[in-house]
Amino acid sequence: MKEKKTAAPKVKKIIIGNWKTNIFSSKEVTKWVTTYKKSVPKRHNALVAICSPSIFIPTLAAAKSPTILGAQDVSAFVEGSHTGEVTAAMLSGAGVKFVIIGHSERRAAGESDDMVAQKVRAALDAGITPIVCVGETSRDHGGMYLGLFKKQILGSLNGISKSDIAKCIIAYEPVYAIGAKKALEPQDVHSMTLYIKKVLIETLNLAAPCPILYGGSVFPETAHGLLHESGSDGLLIGRASVDPKQLTAIIAAA
Ligand code: PGA
């Protein structure tokens with residue numbers, strides 16, 4: 001009799017593309033999907049979502065992209081007079097499953113930890129998974145940055161229950177590595193991933209950490225190490241996600 005294989009199924013890596021404002025038309029979105037479908041490996045080990053500008057979410061859905069729909073931001077408001085805002089219910093109605101919250105580019109535009117926490121609440125209430133971005137702006141030799149980093153994590157999740165934090169994804173994105181030439185080394189990501197887990201378990205009393213991603217200048221050349229030697233559960237990718245061929249090369253490394 002043949003022995004049954006009992007190996008545990010491999011946990012899928014989470015790969016999130018963040019197009020930011022680097023895709024400019026519906027035509028470009030459709031072209032992206034066509035190339036993506038041709039280049040994505042038939043078998044791979046990743047759960048892939050694209051966080052598109054809100055206006056192109058319906059285009060991405062209509063183009064039948066095999067990627068999960070994501071958004072780059074969400075309003076903290078549920079309804080009312082808030083010109084220009086897009087609510088979590090609107091995103092959910094458009095099929096969005098993931099939303100980036102507190103990206104450093106939004107924090108640089110004035111978003112506080114408090115606002116981030118309110119947006120996390122709004123996303124969770126609409127059944128959307130928040131991808132909560134945290135990361136230090138710089139490092140000092142004395143390690144003071146770790147205290148500030150912890151404060152940012154706690155502030156961004158303020159008022160969110162343990163069971164709801166467990167439904168979130170945390171993206172560790174050191175600000176100086178975003179839009180830069182080089183990603184952090186996998187071992188540096190590893191120590192920060194461990195630090196985040198420590199905060200989640202020891203300070204926030206979670207039974208187990210939620211998924212933790214790394215983001216900042218990830219390209220196909222560095223993806224393998226950052227996926228498999230950093231202790232992270234996946235990647236948040238900016239520039240390389242705009243090029244479907246680069247993104248699919250990263251997926252192949254998962
Ligand atoms: P990058 O962006 O990959 O272009 O550095 C990452 C991000 O901002 O999430």
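Computed from a prediction, not measured in an experiment: that's the story for all the values here. Quick note: residue numbers are just sequence positions, from 1.
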TODO: For the residue pair Trp32 and Tyr36, categorise the inter-ring angle as parallel (less than 30°), tilted (30 to 60°) or perpendicular (more than 60°).
DONE: parallel
Open item on the list: Between Phe24 and Phe56 (judged by ring centroids, cut-off 6.0 Å), do the two rings come close enough to count as a pair?
Closed with: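 That pair fails the under 6.0 Å test.
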Task: Residue from Ile128, Val86, Thr129 passing side chain to side chain contact (heavy atoms under 4.5 Å, CB included) with Val96 - done: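 Looking at Ile128, Val86, Thr129, the match for Val96 under the side chain to side chain contact (heavy atoms under 4.5 Å, CB included) is Ile128.
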What distance separates [X] [atom1] from [Y] [atom2], expressed to the nearest 0.5 Å?
{"X": "Asn18", "Y": "Ile237", "atom1": "CG", "atom2": "CD1", "result": "10.0 Å"}
{"X": "Gln187", "Y": "Met192", "atom1": "CD", "atom2": "CE", "result": "14.0 Å"}
{"X": "Thr67", "Y": "Ile16", "atom1": "OG1", "atom2": "CD1", "result": "10.0 Å"}
{"X": "Leu226", "Y": "Glu221", "atom1": "CG", "atom2": "CD", "result": "11.0 Å"}

If only atom types and distance count, is the side chain of [X] paired as donor or acceptor with the main-chain N or O of [Y] below 3.5 Å?
{"X": "Glu173", "Y": "Val134", "answer": "no"}
{"X": "Lys64", "Y": "Val33", "answer": "no"}
{"X": "Gln72", "Y": "Cys51", "answer": "yes"}
{"X": "Thr30", "Y": "Ser26", "answer": "yes"}
{"X": "His82", "Y": "Glu79", "answer": "yes"}
{"X": "Tyr214", "Y": "Leu184", "answer": "yes"}
{"X": "Ser217", "Y": "Ala180", "answer": "yes"}
{"X": "Tyr176", "Y": "Ile178", "answer": "no"}
{"X": "Trp19", "Y": "Ser241", "answer": "yes"}
{"X": "Lys13", "Y": "Leu227", "answer": "yes"}

TODO: Answer yes or no: is there an ion pair linking Lys197 with Glu202, defined by an N-O contact shorter than 4.0 Å?
DONE: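 No, this pair does not count.
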Open item on the list: Using a strict threshold of under 4.0 Å (side-chain N to carboxylate O), is an ion pair present between Arg121 and Asp164?
Closed with: yes
Open item on the list: Apply salt bridge (charged side-chain N to carboxylate O under 4.0 Å, His left out) to residues Asp233 and Lys12 and explain how you reach the verdict.
Closed with: CA-CA 8 Å; Asp233 299 292; Lys12 276 190 191 274; over 6 Å; no
Open item on the list: With heavy-atom distances below 4.5 Å as the criterion, would you say the side chains of Leu200 and Cys210 are in contact?
Closed with: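 Leu200 vs Cys210: side chains touch.
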Task: ILVMFWY cluster, Leu47 and Leu60 together (side-chain gap under 4.5 Å) - done: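 No, Leu47 does not connect to Leu60 through the hydrophobic network.
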Open item on the list: For the CD1 atom on Ile55, are there more than 12 heavy atoms of other groups (residues, nucleotides or ligands in this structure) within a distance under 6.0 Å?
Closed with: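 At most 12 heavy atoms, drawn from other residues, nucleotides or ligands, come within 6.0 Å of this atom.
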Open item on the list: So for atom NZ, which belongs to Lys150, do other residues, nucleotides or ligands contribute more than 12 heavy atoms lying within a distance under 6.0 Å?
Closed with: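 Atom NZ in Lys150 is not packed in, count stays at 12 or less.
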TODO: Determine, step by step, whether Lys119 and Asp73 satisfy the salt bridge (charged side-chain N to carboxylate O under 4.0 Å, His left out) criterion, reporting the C-alpha distance in whole Å, the side-chain angles of both residues, the deciding distance to 0.1 Å, and the verdict.
DONE: CA-CA 8 Å; Lys119 291 181 173 192; Asp73 187 27; 2.9 Å; yes
Open item on the list: Side chains of Arg107 and Ser156 only: does a donor on one sit below 3.5 Å from an acceptor on the other?
Closed with: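 A pair is found: one side chain offers a donor N or O, the other an acceptor, under 3.5 Å apart.
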